[in-house]
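First up is the structure itself, then whatever we jot down about it.
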Amino acid sequence: MSNAAHLGPEQRSRAWEQLQDGRYDVLVIGGGITGAGVAVDAVTRGLRTALVEQRDWASGTSSRSSKLIHGGLRYLEQLNFALVHEALKERGLLINKLCPHLVRPIPFLYPLNHRIWERAYIGAGMLLYDVLAGFTARAVPFHRHYTRRGMLKVSPGLKPKAFKGALQYWDAQEDDARHTMMVGRTAARYGAVTRTSTEVVELLHEGDRVVGAKVRDVETGETADVRSRVVINCTGVWTDELQHMARAEGGFKVRASKGVHIVIPRDRFASESGLITRAGTSVLFVIPWGTRWIIGTTDTEWNLDLAHPAATAKDIDYILEQANKIIATDLTRDDVRGVYAGLRPLLAEESDATSKLSREHAVSRTQPGLISIAGGKYTTYRVMGKDAVDAAGEDLGTIKKSVTQDVPTIGAEGFHAMSNQVEQIARDHDVPTWRVQHLLERYGALASELLAMGAEDRSLLEPLEGAEDYLRVEIVYAATHEGALHLDDFLARRTRISIEYSHRGTESARAVADLVAPVLGWDEQRITSEVDSYAERVDAERRSQRLEDDEAADAARRAAQDSRPLLNA
């Protein structure tokens, strides 16, 4: 693998020089899954590509989703067959070919309230779901029917008399933040210049044409002009702000819908399967997440801080209330280990209800040299990347066809072979087999790089203080290879400690800082600053989650200083 895919301090310094010295075909703004997908598509077509992100990989919407790769079963009810078929095709590609180490099938029960008509109605929908997914090279099993007794064998934690039976179907799951970062590393592997903590402060113009951007290194304050034949705006809920910066008229409007999820211990709900059911104004998901469950979600309009949407006490209580209608063991606030809130970038239509806004993506050439793309589903990021680069052809001239359907994410090549050798690998490195399996499911074949680091320093194969699901080597690797720069990068995105443990990362913060200090050049003052800043963030989030309304929660969350001070925040 090219060292360009090692997103460490040396690459970061080199990327700053490359941004200033080069002239690019495509400059991608935004390091969420859409921007990462666009960068992979552009660079693998032979286009000279750069990507800049003002915070961290997936620091916005792409780290705060339901963490599902799915076709969107509920869109069948809206008769949006094309969207569902497209998403199911992408689901199959990711599981079978592009990302088998990070995307894996999981089952869901859909409980029934009525024995006859609802079973026929939902069953027909699931049959169509299976048909739209195709019959060759299937990535997941077909759906099946359960009586009430059969349902309770699969999911004994349900209230026995709450439902008449159930259907079970399969979708897939991934760690959204890790997957986004790995797609970004894939772009770098093929030659894209990628850089986080790099804020766009101005778009450059020649006449009415956009010809690049002035960027600022958020860590140092330095600025540079990056020249590009076309700029692709992949900023999600910030789309309108960038279009305003471009002084562009027309295009489309994006509205933000807040979705909140909670995390509880696995033993609070006895089930071999995830769960999906209608609940109140949204859909209730109970999603397996290792030794925990993720439960969500809400669907409410959000017009406040886009960088740090706040979950309220009302949001959390709503999710608990809906879950307690169907789960036999009543859940309380004491069961909640973690909470996160994310914003869906929805294309605004005439309806005022965010749940009715379009999930299909749109691409707009708002002015010469500027392409904007927004909307869509995480699952279809590859298609979005293709469509955005296709649209750039108007500025670039003739370009080669997209090849990303044949470009695996780094870590995919060799994953299956290593999966068959787990026990041997465990013996060779004197670690438990479940530890090796854990590494394979987070790094794929790149797990060999972490094990090699552990062979040189055996202490790195010890559990991380305060978060024993993770090894110390994973923290060091996040600094040397995965571009993490601040404690929240390590604790909220490279790992998910911030939502998986009741201390939300505070009991691991000092250990993490000590591990990465030699790599990132932190002295004792910087270590203390990072630890204090992270604790302040956690405290602000806890306070916001005790407040009832969005405005009060937003004010409480804003009280914590951002680890990355942006000019345009």
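These numbers were taken from a predicted model, which means no experiment stands behind them.
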- Atom pair CZ/OG of F269 and S155 - distance to nearest 0.5 Å: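 If I round to the nearest 0.5 Å, the distance is 3.5 Å.
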
Contacts of [X] that satisfy ring-ring contact (aromatic ring centres under 6.0 Å, His included) - sequence neighbours left out:
X	result
F285	none
W238	none
Y381	H179
H481	H6, Y477

If you count the non-hydrogen atoms of other residues, nucleotides and ligands that lie under 6.0 Å from [atom1] in [X], is the total more than 12?
X	atom1	answer
E524	CD	yes
E10	CD	no
E241	CD	yes
E468	CD	no

Examine distances only and state if a side-chain atom of [X] and a backbone atom of [Y] form a donor-acceptor pair shorter than 3.5 Å.
X	Y	value
S62	I33	yes
D532	S529	no
T298	T300	no
D335	T332	yes

- Looking at side-chain heavy atoms only, is the closest gap between L306 and L343 below 4.5 Å?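 A side-chain contact exists here, since the closest heavy-atom pair is under 4.5 Å.
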
- Could you check if a side-chain atom of R91 sits within less than 4.5 angstrom of a side-chain atom of V103, using non-hydrogen atoms only?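 R91 does not reach V103 side chain to side chain.
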
- Task: For T61, check side chain to side chain donor-acceptor pair (under 3.5 Å) against everything at least two apart and list the hits.
- Result: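 Not a single residue meets the side chain to side chain donor-acceptor pair (under 3.5 Å) criterion with T61.
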
- Message: Given V52, which partner from the list L19, T194, T196 fulfils the side chain to side chain contact (heavy atoms under 4.5 Å, CB included) test?
- Response: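 Exactly one candidate clears the test, L19.
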
Under 4.0 Å between a side-chain nitrogen and a carboxylate oxygen: does that hold for [X] and [Y]?
X	Y	result
R216	E222	no
D457	R472	no
E465	R510	no
R104	D175	no
R64	D176	no
D315	K258	yes

- Message: Checking E500 against W289: is there a side-chain donor and acceptor pair closer than 3.5 Å?
- Response: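 Side-chain D/A pair, W289 to E500: present.
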
- Task: For salt bridge (charged side-chain N to carboxylate O under 4.0 Å, His left out), just list the numbers for D489 and R494, CA-CA rounded to whole Å, side-chain angles, deciding distance to a tenth of an Å, and then say yes or no.
- Result: CA-CA 6 Å; D489 301 346; R494 301 307 181 276; 5.2 Å; no

- Among N233, D240, T235, which residue meets the side chain to side chain donor-acceptor pair (under 3.5 Å) test with S372?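 Among N233, D240, T235, the one meeting side chain to side chain donor-acceptor pair (under 3.5 Å) with S372 is N233.
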
- Provide the full list of ring pair (Phe, Tyr, Trp, His ring centres under 6.0 Å) pairs with a residue in residues 493-516, sequence neighbours left out, each pair given once.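 Only Y501-H503 qualify under ring pair (Phe, Tyr, Trp, His ring centres under 6.0 Å).
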
